[in-house]
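Along the sequence shown, the residues carry numbers beginning at 1.
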Amino acid sequence: MIDKLEFFLALAKAQHFGRAAEDLGITQPTLSAAIKQLEDQLGVMLVIRGSRFQGLTPEGEQVLVWARRIAGDARTMKEEMRAARHGLSGRIRIAAVPTTLAMVPRLTTPFREKHPGVTFSILSRTSIEVLTLLGNFDIDAGITYLDNEPLGNVISVPLYSERYQLITAAGTPHSDRQKVTWAEVAKLPLCLLTPDMQNRRIIDHHLAEAGAVVRPTLESNSMIVLFSHIRTGKWSSIMPLNLAETFGFAEPIRAIPIVEPDASHLVGLVATRREPHTPLVSALLSEAMTLAGNFGTTR
């Protein structure tokens, strides 16, 4: 039953029999037969069939919820037994919003020093994608904003409060200032993250609070692209302080606090709310709590 539920989960994710079979490393007839057997066992149709996959039936959507829960419990049991035999090992999959990627080593490095058998997969994703991946059990944990948009049914560990800086080259307007207002920043040629990023929605909100409308001259979902354009001296940007510090900004790049308002937003680790968590996730949550104590309240 559990193997068939895993097959069903793969099909629901891929939305295509051929791709799901390829992901599972089995043949398409084997997958089709397993789904048919699952339907026979449950006494309902799970998949709308035609010449190709056309979606799940209403019963299929219900079974999908149960399949995620049952398969997740089975994986947790296997991990617990493996940890009991060999110690903590395996791969932790983390998705983080781009502005938090710079702090991820402060979580992963001490964790792996304690658990050398663990490896990591780190993805850069939007906040919405982080929650979707969590809900689909495609990742073990996420790093995202905790206090700006709804998180749903997750457990969270607050890590730090993100504060915002004008990042600009020396010799540009306001580069010699000790602080600058949001209204003043709005008048500069800005390069910002794309609107699908929550950081960008936060920035737009605070600019609107200051009575300004931002019209960036460059948008990207890559922090590297933004930094490279700042260095030309032709663009400025708005970024969290911890991110600017990680890139080692010094002259000729300045990081200037933005005030009026002096805004901050809480960033933390999120995981699916379930008991018990896998040993890997439990250990990661514990490490996040230690990091929160070492990080300080604002960065």
Side-chain angles (χ1 to χ4, degrees), residues 6-7 9-15 19-20 22-26 67-69 71-83 86-146 151-152 154-157 159-160 193 196-199 221-225 242-243 246 267-274 276-292 295:
E6 292 279 11
F7 289 178
L9 287 171
L11 177 60
K13 179 182 178 181
Q15 301 282 294
R19 287 195 296 270
E22 184 177 347
D23 292 340
L24 291 165
I26 61 176
R68 287 169 176 160
R69 187 182 308 171
D73 285 344
R75 294 167 193 164
T76 299
M77 179 183 66
K78 291 177 183 176
E79 281 196 23
E80 284 189 355
M81 295 305 99
R82 185 173 66 232
H86 308 297
L88 208 60
S89 62
R91 178 177 293 271
I92 296 181
R93 303 159 299 169
I94 300 173
V97 296
T99 56
T100 69
L101 289 170
M103 58 72 55
V104 172
R106 298 188 65 168
L107 178 65
T108 55
T109 302
F111 186 94
R112 194 167 187 279
E113 287 175 352
K114 296 174 185 174
H115 309 290
V118 174
T119 59
F120 293 90
S121 175
I122 311 296
L123 306 174
S124 175
R125 293 291 186 268
T126 69
S127 57
I128 294 173
E129 289 171 334
V130 168
L131 297 178
T132 299
L133 291 169
L134 263 184
N136 291 337
F137 295 96
D138 290 325
I139 58 172
D140 302 296
I143 300 175
T144 187
Y145 298 97
L146 303 183
L151 293 173
V154 301
I155 185 172
S156 63
V157 178
L159 295 176
Y160 63 94
L193 287 172
D196 60 328
M197 299 291 180
Q198 190 169 171
N199 171 266
N221 62 359
S222 166
M223 301 305 300
I224 296 298
V225 170
N242 68 294
L243 185 61
T246 299
V267 170
L269 184 80
V270 294
T272 302
R273 186 179 296 278
R274 56 172 296 150
H277 285 108
T278 67
L280 285 174
V281 172
S282 293
L284 187 67
L285 290 169
S286 177
E287 190 65 43
M289 293 174 190
T290 301
L291 175 61
F295 228 128

Do [X] and [Y] have side chains that get closer than 4.5 Å, going by heavy atoms?
X      : Y      : value
Leu123 : Glu129 : no
Phe137 : Arg274 : yes
Asn199 : Tyr145 : yes
Thr126 : Met197 : yes

Give me the atom names and distance for the closest heavy-atom approach of [X] to [Y].
X      : Y      : value
Phe120 : Arg91  : O-NH1, 3.0 Å
His277 : Ala271 : NE2-CB, 4.5 Å
Ile139 : Leu134 : CG1-N, 3.7 Å
Glu6   : Ala71  : OE2-CB, 3.7 Å
Ser156 : Val270 : CB-CG1, 3.9 Å
Ala10  : Ala20  : O-CB, 3.7 Å

Inset, instruction - Carefully, step by step, assess Asp73 and Met77 under the rule side chain to side chain contact (heavy atoms under 4.5 Å, CB included). - result: CA-CA 6 Å; Asp73 285 344; Met77 179 183 66; over 6 Å; no
Legend entry - Residues Ile26, Phe7; criterion side chain to side chain contact (heavy atoms under 4.5 Å, CB included); working and verdict: CA-CA 10 Å; Ile26 61 176; Phe7 289 178; 4.0 Å; yes
Legend entry - With sequence neighbours excluded, residues passing ring-ring contact (aromatic ring centres under 6.0 Å, His included) with His115: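 His115 satisfies ring-ring contact (aromatic ring centres under 6.0 Å, His included) with Phe111 once adjacent residues are dropped.
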Gap separating the [atom1] atom of [X] from the [atom2] atom of [Y], nearest 0.5 angstrom:
X      : Y      : atom1 : atom2 : value
Leu9   : Asn136 : CG    : CG    : 9.0 Å
Leu133 : Asp140 : CG    : CG    : 11.0 Å
Asn221 : Leu193 : CG    : CG    : 8.0 Å
Thr108 : Met103 : OG1   : CE    : 9.0 Å
Thr100 : Met223 : OG1   : CE    : 10.0 Å

Please list every donor-acceptor pair under 3.5 Å in which a side-chain atom of residues 281-288 meets a protein atom from a residue at least two apart or in another chain.
| unit_1 | atom_1 | unit_2 | atom_2 | d |
| --- | --- | --- | --- | --- |
| Ser282 | OG | Thr278 | O | 3.2 |
| Glu287 | OE1 | Lys114 | NZ | 2.7 |

Legend entry - Val118 backbone acceptor or donor facing Arg112 side chain under 3.5 Å: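 Looks like yes, one N/O pair under 3.5 Å.
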Inset, instruction - Report yes or no: does Arg125 contribute a side-chain atom to a donor-acceptor pair with the main-chain N or O of Ala95 at less than 3.5 Å? - result: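 Checked: no pair found.
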Inset, instruction - Show your working on side chain to side chain contact (heavy atoms under 4.5 Å, CB included) between Thr144 and Gln198 and close with a plain yes or no. - result: CA-CA 9 Å; Thr144 187; Gln198 190 169 171; 4.1 Å; yes
Legend entry - Lys13/Asp138 salt bridge by N-O under 4.0 Å criterion: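 Looking at Asp138 and Lys13, the cut-off is met.
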Inset, instruction - Check step by step if side chain to side chain contact (heavy atoms under 4.5 Å, CB included) holds for Leu107 and Leu159. - result: CA-CA 10 Å; Leu107 178 65; Leu159 295 176; 5.7 Å; no
Legend entry - Qualifying residues under side chain to side chain contact (heavy atoms under 4.5 Å, CB included), relative to Pro279, sequence neighbours excluded: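 If we apply the side chain to side chain contact (heavy atoms under 4.5 Å, CB included) test to Pro279, skipping adjacent residues, the hits are Glu79, Glu80, Ala83, Leu88.
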